[in-house]
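Note that the numbering runs from 1 along the sequence shown for the chain. Both counts, for ligands and for their atoms, begin at 1 and track the order of listing.
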Amino acid sequence: MSPILMERYRSFLPITEATPIISLGEGNTPLVRAIRLEKEFGCGQLYFKLESCNPTGSFKDRGMVVAVANAMERGNKAIVCASTGNTSAATAAYATRFGLTAVVVVPKGGLATGKLAQAFVFGAKIVVIDGTFDRALDVARALSQRHPVVLVNSINPYRIQGQKTASFEIIDELGDAPDAFFIPVGNAGNISAYWQGFVEYHQAGKASRRPRMMGFQAEGAAPIVRGTAVANPQTIASAIRVGNPASWQGAVAARDESEGVIDSVTDDEIMEAYRLMAIAEGIFGEPAAAAPLAGLMKMARNGHDFSRQRVVCVVTGSGLKDPETALKYTSIPKELPPDVAAVEAALGWG
Ligand code: AN7
């Protein structure tokens, strides 16, 4: 098995003789069993797919590597994206490594600090607009139509092609598809990609079935659940603060073809899942990455029976990207004099 994602799944990817095989080490991410939460929510088996372990700390790298390889194959010199943060980090990293210029268009106040730091250190041209992610996407799309620059948001089909490889890895590791698959939904590219991956691997005889797709939006940014675009989406999970998802139809198709669900979770439920995932399993995901567990928690509490099911939740991005949110829920401990007695007293070990 090749450690290079594009080689490993070459026959399922849009790769020609002329496509450069490139890598920053994306893919092959851990699938870990969550024994404590499996008991807590009554699942037959529960696993987390740690997409936070990709080189820039999110699932975006799988799609970016294929999109950038295609841009290089066509001789392009520049790429552009709109982003709630993780796409901009991946765009910036792959661009600088493979000699392209990167432009990232981001909503004012809409990015977690770590993601902005990544775009900055990788040398992207960062454009901040006074508007939402959805407006930023309109601008990025227009730039790509007016200038020789490739749009690398998930409406670029090569992004979806790369991201579907996560489904292949899950099936390769478990020996079959799970019964239910939980995923956050923002711009809805990833749920579309995973579904395509599950369908293709099933068709290729690598799995005996396809999972039910369980997508979760944040309540204040839940256009698909409401059935109408949201002008001013609000949620603590900035990564999925999207009011008019570009891949709306893909998400609906994934839900309907899999007999799945697209529902919403509140910010309180997201933050409860965020803490639970950390404390019970030692997994630090960013708030958006806790939406799948929040969804599982909500369904289990509503009496849904997962006891005979194998469930997978994807952890789409690292908690380290958003230290502000983590620290908002804690207080910085008071400074003590540097001696053992003071520390023992503070610990109650006196
Ligand atoms: C951690 O970075 O859209 O439903 O611009 O970063 O495919 O949009 C990020 C999305 C889930 C939602 N979890 O995926 C961007 C961006 C995390 C994310 C999603 C995102 P889509």
Asker: Taking the side chain as everything from C-beta on, heavy atoms only, tell me whether Leu46 gets closer than 4.5 Å to Leu296.
Answerer: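 Touching, per the 4.5 Å side-chain cut-off.
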Asker: Salt bridge or not between Arg210 and Glu257? Use side-chain N to carboxylate O under 4.0 Å.
Answerer: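 No, this pair does not count.
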Asker: Throw together a table of side-chain donor-acceptor distances under 3.5 angstrom for residues 334-350, partners on residues two or more places apart or in other chains.
Answerer:
unit_1	atom_1	unit_2	atom_2	d
Asp339	OD1	Ala341	N	3.4
Asp339	OD1	Ala342	N	3.0

Asker: Verify the distance criterion only: is there a donor paired with an acceptor across the side chains of Tyr274 and Asp322 at less than 3.5 Å?
Answerer: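 Their side chains do not contain a donor-acceptor pair, so the 3.5 Å distance test is not met.
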Asker: Which atom pairs, one a donor and one an acceptor, fall under 3.5 Å between side chains of residues 113-122 and the rest of the protein, sequence neighbours left out?
Answerer:
unit_1	atom_1	unit_2	atom_2	d
Thr113	OG1	Glu324	OE1	2.5
Thr113	OG1	Glu324	OE2	2.9
Lys115	NZ	Glu286	OE1	2.7
Lys115	NZ	Glu286	OE2	3.4
Gln118	OE1	Lys321	NZ	2.7
Gln118	NE2	Thr56	O	3.0

Asker: Just list the N/O pairs, ligand 1 to protein, that are under 3.5 Å apart, with the distance for each.
Answerer:
unit_1	atom_1	unit_2	atom_2	d
ligand 1	2 (O)	Ser83	OG	3.1
ligand 1	2 (O)	Asn86	N	3.0
ligand 1	2 (O)	Thr87	N	2.7
ligand 1	2 (O)	Thr87	OG1	3.0
ligand 1	3 (O)	Lys60	NZ	3.3
ligand 1	4 (O)	Gly186	N	2.8
ligand 1	4 (O)	Asn187	N	3.3
ligand 1	4 (O)	Ala188	N	2.7
ligand 1	5 (O)	Ser83	OG	2.9
ligand 1	5 (O)	Thr84	N	2.8
ligand 1	5 (O)	Thr84	OG1	3.4
ligand 1	5 (O)	Thr87	OG1	3.3
ligand 1	6 (O)	Asn86	ND2	2.7
ligand 1	7 (O)	Gly189	N	3.2
ligand 1	7 (O)	Asn190	N	2.8
ligand 1	8 (O)	Asn187	N	2.7
ligand 1	13 (N)	Thr316	OG1	2.7

Asker: In chain order, what residues pass the salt bridge (charged side-chain N to carboxylate O under 4.0 Å, His left out) check against Arg74, with sequence neighbours excluded?
Answerer: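 Result, salt bridge (charged side-chain N to carboxylate O under 4.0 Å, His left out) vs Arg74: none returned.
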